[in-house]
Amino acid sequence: MAAGNSGGFAVGWFTLALINAGLAQGKGRSGMNWGLLSLLLGPLATLLLVMQKPGRADGG
C-alpha cells in the first residue's frame with residue numbers, strides 16, 4: 001500500500017463507521033455506540049451488526 005493512499009483509507013474507514021451507525025439505529029441500537037465501535041473494529045463491526053436481531057421498539 002502506498003503511503004499517499006492512507007488518507008483515502010481513513011476516509012473509507014470513517015464512512016463505514018457512519019454507515020454502521022445508521023444500520024444500528026435502523027435495528028433499534030445506539031448509533032453513537034456502534035459508530036465508535038466501528039472506528040475500532042471496522043468491517044468486523046458491520047458483520048456483527050448484520051448478524052444481530054433487531055432490538056425492541058420500546059427500547060428495552
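The two residues G35 and A21 come nearest to each other via the heavy atoms CA-CB, 4.1 Å. Closest approach of A24 to G31, counting heavy atoms only: CB-CA, 4.3 Å. The two residues W13 and P43 have their closest heavy-atom pair at CH2-CD, 3.6 Å.
Both L23 and M51 are members of a single hydrophobic cluster when ILVMFWY side chains are connected at heavy-atom separations under 4.5 Å. Hydrophobic cluster membership is shared by L44 and L49, with clusters built from Ile, Leu, Val, Met, Phe, Trp and Tyr side chains linked at under 4.5 angstrom. No single ILVMFWY cluster, assembled from side-chain heavy atoms under 4.5 Å apart, contains both V11 and F14. Under the 4.5 Å side-chain heavy-atom criterion for grouping Ile, Leu, Val, Met, Phe, Trp and Tyr, L16 is not connected to L47 through any hydrophobic cluster. Linking Ile, Leu, Val, Met, Phe, Trp and Tyr whenever their side-chain heavy atoms come within less than 4.5 Å puts V50 and L48 in one cluster.
To the nearest 0.5 Å, atom OG1 of residue T46 and atom CG of residue L41 are 9.5 Å apart. Remark: N20 CG to N33 CG distance equals 13.0 Å, nearest 0.5 Å.
Between Q52 and W34, the closest side-chain pair of non-hydrogen atoms falls below 4.5 Å.
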Q) Is there a side chain to side chain contact (heavy atoms under 4.5 Å, CB included) between L39 and L36 once you walk through the steps? A) CA-CA 5 Å; L39 287 174; L36 293 174; 4.3 Å; yes
